[in-house]
Amino acid sequence: MGLAIFYVLAALALASALMVVSRKNAVTSAVYLVLTMTAIAGLFVQLGSVFIAALQIIVYAGAIMVLFLFVIMMLNLKSDEFGFDSRVFRRLFAAALGVILLIQLVMTAARFPSPPGRPADMSVGDIGAISRKLFYDYLYPFEIVGVLLLAAIIGAMVMARRRSEGQEEE
Amino acid sequence: MAPLGHYLVLSAMLFAIGVWGVLRNRNALIIFMSVELMLNAVNISLMAFSSYLSDYSGQVFIFLVMAVAAAEVAVGLAIIVSIFRAKDTVNVDDVSVMKW
């Protein structure tokens, strides 16, 4: 049963990921990316952490994708302006590089000895345990991420700001 | 539960699809989405290791990856918006020069 659910969610994630990279219209890609994120959240639930699954939905499928859709809407692009690289050599190169990377990653994954899996009575979804790990063992990374987010807010505001008339570009 | 290898192979496949998307697309927005796809692929393997090794560190890393992804998207989209204001396009082939 668990295996069947895994295969359904994995197939959904892979199919929608392929749609993300193969559509020309950015809005279509964005909606398929939401589907991918949701399927991945399902996998997180199956792996035993409802907390991370909820974060995945809220942060990725919610906040980040809304940001993407807002920017797509703001830019108001014509979808047929793009298309993929017309040079056949480049497209073949991209596909070949992807396949080589996939083979390398799968070979590496296959070499990793499979652990027996956690015992059924042991949970990894305990939010208390996650927060103890986060606020004791990884306190400094957590603080640094806070500073990073602050820097990102300021950076985004500075870069997206419309230059006023009197302020000449350098 | 599916064996650990299944999750790792799924993660590898999603990552490779993301790389392919970055190399293949010319639309800066779709390239960004492919980068998000790669970050998510890594999250899957972190979560799988966390679950199979009964170690919460993987989930803390996912938390940090999500924060970095959010920061990256905010700054990246701001860059795309300002490129669009300057050049009226988000095609990466048209913005291949550093200075013009």
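Computed from a predicted structure; not experimentally measured. Naming convention: chains lettered A, B, ... in sequence-line order (proteins, then strands); numbering from 1 in each chain. What you see below is based on every heavy atom in this structure, not just the backbone, and it leaves out hydrogens, waters and symmetry mates.
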Can you tell if the side chain of B:W20 reaches within under 4.5 Å of the side chain of A:L101, non-hydrogen atoms only?
no
Cut-off 4.5 Å, heavy atoms of chain B, and the answer for A:V71 is side chain
Does any part of the side chain of B:I17, heavy atoms only, come nearer than 4.5 Å to the side chain of A:L18, both counted from C-beta?
yes
Any non-hydrogen side-chain atom of B:V22 less than 4.5 Å from a side-chain atom of A:V21?
no
Could you have a look at A:V99, A:V59, A:V145, A:L55 and say which one has the most heavy-atom pairs with chain B under 4.5 angstrom?
A:L55
Go through the atoms of A:L33 and report whether side chain, backbone, both or neither lie under 4.5 Å from a heavy atom of chain B.
side chain
Heavy-atom pairs under 4.5 Å with chain A, option from B:L10, B:V75, B:V19, B:V81 with the top count
B:L10
What distance separates A:F68 CZ from B:L77 CG, expressed to the nearest 0.5 Å?
5.0 Å
Honestly, the part of B:F49 sitting under 4.5 Å from a heavy atom of chain A is side chain
Looking only at A:G155, A:A10, A:G98, the option with the highest number of non-hydrogen pairs under 4.5 Å against chain B is A:A10
At a heavy-atom separation under 4.5 Å, does A:M74 approach chain B through its side chain, its backbone, both, or neither?
side chain
With a 4.5 angstrom heavy-atom cut-off, is it the side chain or the backbone of A:A17 that approaches chain B, or both, or neither?
both
In terms of heavy-atom pairs under 4.5 Å, which option from B:I44, B:I62, B:V68, B:I79 contacts chain A the most?
B:I44
Sub-3.5 Å donor-acceptor pair from the side chain of A:S29 to the main-chain atoms of B:I30, do we have one?
no
What distance separates B:Q59 CD from A:I127 CD1, expressed to the nearest 0.5 Å?
9.5 Å
Please look at B:L4 and chain A and tell me whether the side chain, the backbone, both or neither of the residue comes under 4.5 angstrom of a heavy atom of that chain.
both
Are the side chains of A:Y60 and B:N43 in touch, meaning some heavy atoms are under 4.5 Å apart?
yes
Chain A contact via B:A69 - which portion, at a heavy-atom distance below 4.5 Å:
both
Can you tell which part of A:A30 gets under 4.5 Å to a heavy atom of chain B, answering side chain, backbone, both or neither?
both
B:L14 side chain near A:I40 side chain, heavy-atom distance below 4.5 Å
yes
Could you check which of B:V60, B:L37, B:L64, B:L8 has the highest count of heavy-atom pairs closer than 4.5 Å to chain A?
B:V60
Between A:L102, A:I153, A:V106, which has the largest tally of heavy atom pairs under 4.5 Å with chain B?
A:L102
To the nearest 0.5 Å, what is the distance between OG (B:S50) and CG (A:L47)?
8.5 Å
Evaluate the side-chain proximity of B:Y7 to A:Q46: yes if any heavy-atom separation is below 4.5 Å, no if none is.
yes
A:F70 portion near chain B, given a 4.5 angstrom heavy-atom threshold:
neither
Please look at B:S57 and chain A and tell me whether the side chain, the backbone, both or neither of the residue comes under 4.5 angstrom of a heavy atom of that chain.
both
For the atom pair CE (B:M33) and CZ (A:R23), what is the distance rounded to the nearest 0.5 Å?
13.0 Å
Name the region of A:Q104, side chain, backbone, both or neither, that has any atom closer than 4.5 Å to a heavy atom of chain B.
neither
Is any side-chain heavy atom of B:Y56 less than 4.5 Å from a side-chain heavy atom of A:R132?
no
Would you please classify the geometry between the A:Y138 ring and the B:F61 ring as parallel, tilted or perpendicular, with 30° and 60° separating the classes?
perpendicular
Any donor-acceptor pair under 3.5 Å linking the side chain of B:N27 with the backbone of A:A26?
no
Sub-4.5 Å side-chain heavy-atom contact between A:L43 and B:M47:
no
Non-hydrogen atoms of chain B under 4.5 Å away: do they reach the side chain of A:D137, the backbone, both or neither?
neither
